[in-house]
Amino acid sequence: MQLSKRLAAVAAFIPSGCVVADIGTDHADLPIYLVKNKICPRVIAVENKRGPWLRARANIESCGLQGYIDLRLGDGLQVLRPGEAQVLVLAGIGCLTIQQVLAAGQDVWWSAHRLVIQPQNKWQELRLWLSAAGWRLTGEDLIYEGRHFYAVMALEPGPSPPYSSLEWELGPLLVARRHPLLLALVEKKIKKLEIIKRNLAGSHRPSLNDRVQEIGEKLLQLEEIRQWLQNARKS
């Protein structure tokens with residue numbers, strides 16, 4: 001089977017031979033891929049809604065993988081025992097939900113060796129939250145699919161380096177490796193901020209002056225990053 005670009009990027013961060021728990025497995029595409037391609041000997045697939053759980057079960061059974069994929073119906077990490085899975089995957093889930101799932105299952109969370117996360121929103125907020133919780137980024141990828149950007153992160157226990165605010169926003173490891181899609185992401189952010197700045201400036205409300213100045217400073221930072229990435233492409 002062929003995964004979407006987003007899930008393929010998630011799969012790329014999963015070490016061979018480990019047991020994975022896929023939280024919010026939906027159709028169980030990722031667990032099926034990991035087992036069929038002999039990346040993982042066993043996967044625990046978790047879904048908290050009966051409809052998707054039934055679809056996942058049908059897909060697993062159609063592949064004859066019931067003995068390799070343990071499908072469970074329940075909330076997040078609540079259906080796992082500490083140490084059962086070396087890698088926890090939370091993909092296609094919002095930032096707040098990811099935080100809630102991890103916080104509600106700390107014994108399972110902290111028994112894992114790696115997190116592989118693909119948040120649907122608030123990437124910077126989640127990076128900072130995980131760093132404050134004691135997890136450091138060990139890998140990042142950026143995907144463009146269906147006219148949307150997706151960030152994929154791999155994290156392991158340990159302290160984070162002192163990244164700048166802009167690095168936390170864009171993805172410190174994406175910046176370090178000058179990811180080929182990063183320029184397009186930066187340009188999208190610049191366009192969005194320019195529209196917001198024009199709208200705020202057009203209101204002529206003195207109370208918004210600080211916000212306009214803040215956006216202007218952010219635009220200067222992003223413009224520096226854009227120039228740096230453009231020069232890197234030319235060299």
Side-chain angles (χ1 to χ4, degrees), residues 1-95 97-120 126 130 133 135 137-141 143 145-146 150-158:
M1 66 176 298
Q2 186 167 355
L3 294 176
S4 65
K5 288 181 182 179
R6 178 179 61 86
L7 285 181
V10 169
F13 282 128
I14 296 174
S16 178
C18 66
V19 175
V20 171
D22 182 27
I23 311 302
T25 195
D26 197 22
H27 290 75
D29 289 344
L30 181 63
I32 290 170
Y33 175 88
L34 294 173
V35 171
K36 290 187 75 171
N37 287 276
K38 302 187 185 306
I39 297 169
C40 298
R42 179 170 171 266
V43 178
I44 303 167
V46 180
E47 182 54 60
N48 69 348
K49 296 182 179 63
R50 186 159 184 82
W53 180 85
L54 289 170
R55 289 194 294 271
R57 186 177 70 176
N59 288 340
I60 292 166
E61 290 177 351
S62 70
C63 296
L65 297 177
Q66 303 94 308
Y68 303 93
I69 301 175
D70 182 357
L71 179 62
R72 302 180 186 179
L73 179 63
D75 288 329
L77 306 183
Q78 306 302 308
V79 295
L80 296 173
R81 298 186 303 275
E84 245 191 319
Q86 291 88 53
V87 178
L88 304 179
V89 173
L90 295 97
I93 305 175
C95 168
T97 302
I98 290 173
Q99 292 174 343
Q100 291 171 338
V101 167
L102 293 175
Q106 298 226 15
D107 52 348
V108 174
W109 174 16
W110 278 96
S111 70
H113 301 164
R114 173 175 287 199
L115 303 177
V116 181
I117 294 181
Q118 182 266 297
Q120 292 293 79
L126 187 58
L130 288 165
W135 289 76
L137 287 161
T138 58
E140 284 189 299
D141 202 357
I143 306 300
E145 186 175 48
Y150 297 98
V152 181
M153 313 168 192
L155 304 102
E156 295 176 3

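Within the 3.5 Å criterion, the main-chain N or O of Cys18 finds no donor-acceptor partner in the side chain of Gln86. When atom types are taken as modelled, the side chain of Gln118 and the backbone of Gly92 share a donor-acceptor pair closer than 3.5 angstrom. Not one N or O on the side chain of Glu156 forms a donor-acceptor pair closer than 3.5 Å with the backbone of Arg114.
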Check step by step if side chain to side chain contact (heavy atoms under 4.5 Å, CB included) holds for Val20 and Val116.
CA-CA 10 Å; Val20 171; Val116 181; over 6 Å; no

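Between Ala11 and Tyr33 the shortest heavy-atom distance is CB-CE2, 3.9 Å. Of all heavy-atom pairs between Ile143 and Asp141, the closest is CD1-OD2, 3.8 Å. The nearest pair of heavy atoms linking Thr25 to Ala56 is CG2-CB, 4.3 Å. Taking each heavy atom of Val10 and Val89 in turn, the nearest pair found is CG1-CG1, 3.8 Å. Taking both residues in full, the closest heavy atoms of Val108 and Pro82 are given as CG2-N, 3.9 Å, listed atom of the first, atom of the second, then distance. The heavy-atom pair separating Ser4 from Glu145 by the smallest distance is CB-OE2, 3.4 Å.
Taking CG from Leu30 and CD1 from Ile14, the interatomic distance works out to 5.0 Å, rounded to the nearest 0.5 Å. Atoms CD1 and CG, on Ile93 and Leu126 in that order, are 10.5 Å from each other to the nearest 0.5 Å. Atom CZ of residue Phe13 and atom CD1 of residue Ile117 lie 12.0 Å apart, to the nearest 0.5 angstrom. Distance check: Ile23 CD1 to Leu80 CG gives 5.0 Å after rounding to the nearest 0.5 Å. Taken from CG in Leu130 to CD1 in Ile98, the straight-line distance is 8.0 Å, to the nearest 0.5 Å. Distance CD/Gln2 to NZ/Lys5: 10.5 Å, rounded to 0.5 Å.
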Sequence neighbours excluded and cut-off under 3.5 Å, please list the side-chain donor-acceptor pairs for residues 59-75, or say none.
from, atom 1, to, atom 2, distance (Å)
Asn59, ND2, His27, O, 2.9
Asn59, ND2, Arg55, O, 3.4
Ser62, OG, Ala58, O, 3.4
Ser62, OG, Asn59, O, 2.7
Asp70, OD2, Arg72, NE, 3.0
Asp70, OD2, Arg72, NH2, 2.7
Arg72, NH1, Val79, O, 2.7
Arg72, NH1, Glu84, OE1, 3.1
Arg72, NH1, Glu84, OE2, 3.4
Arg72, NH2, Glu84, OE2, 2.7

Hey, can you pull the donor-acceptor pairs under 3.5 Å for the side chains in residues 39-50, sequence neighbours left out?
from, atom 1, to, atom 2, distance (Å)
Glu47, OE1, Asp26, N, 2.9
Glu47, OE2, Lys49, N, 3.4

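Ring orientation note: the planes of Trp110 and Trp135 are tilted relative to one another, at an angle of 30° to 60°.
You'll find the side chain of Trp109 reaches within 4.5 Å of the side chain of Leu115, heavy atoms only.
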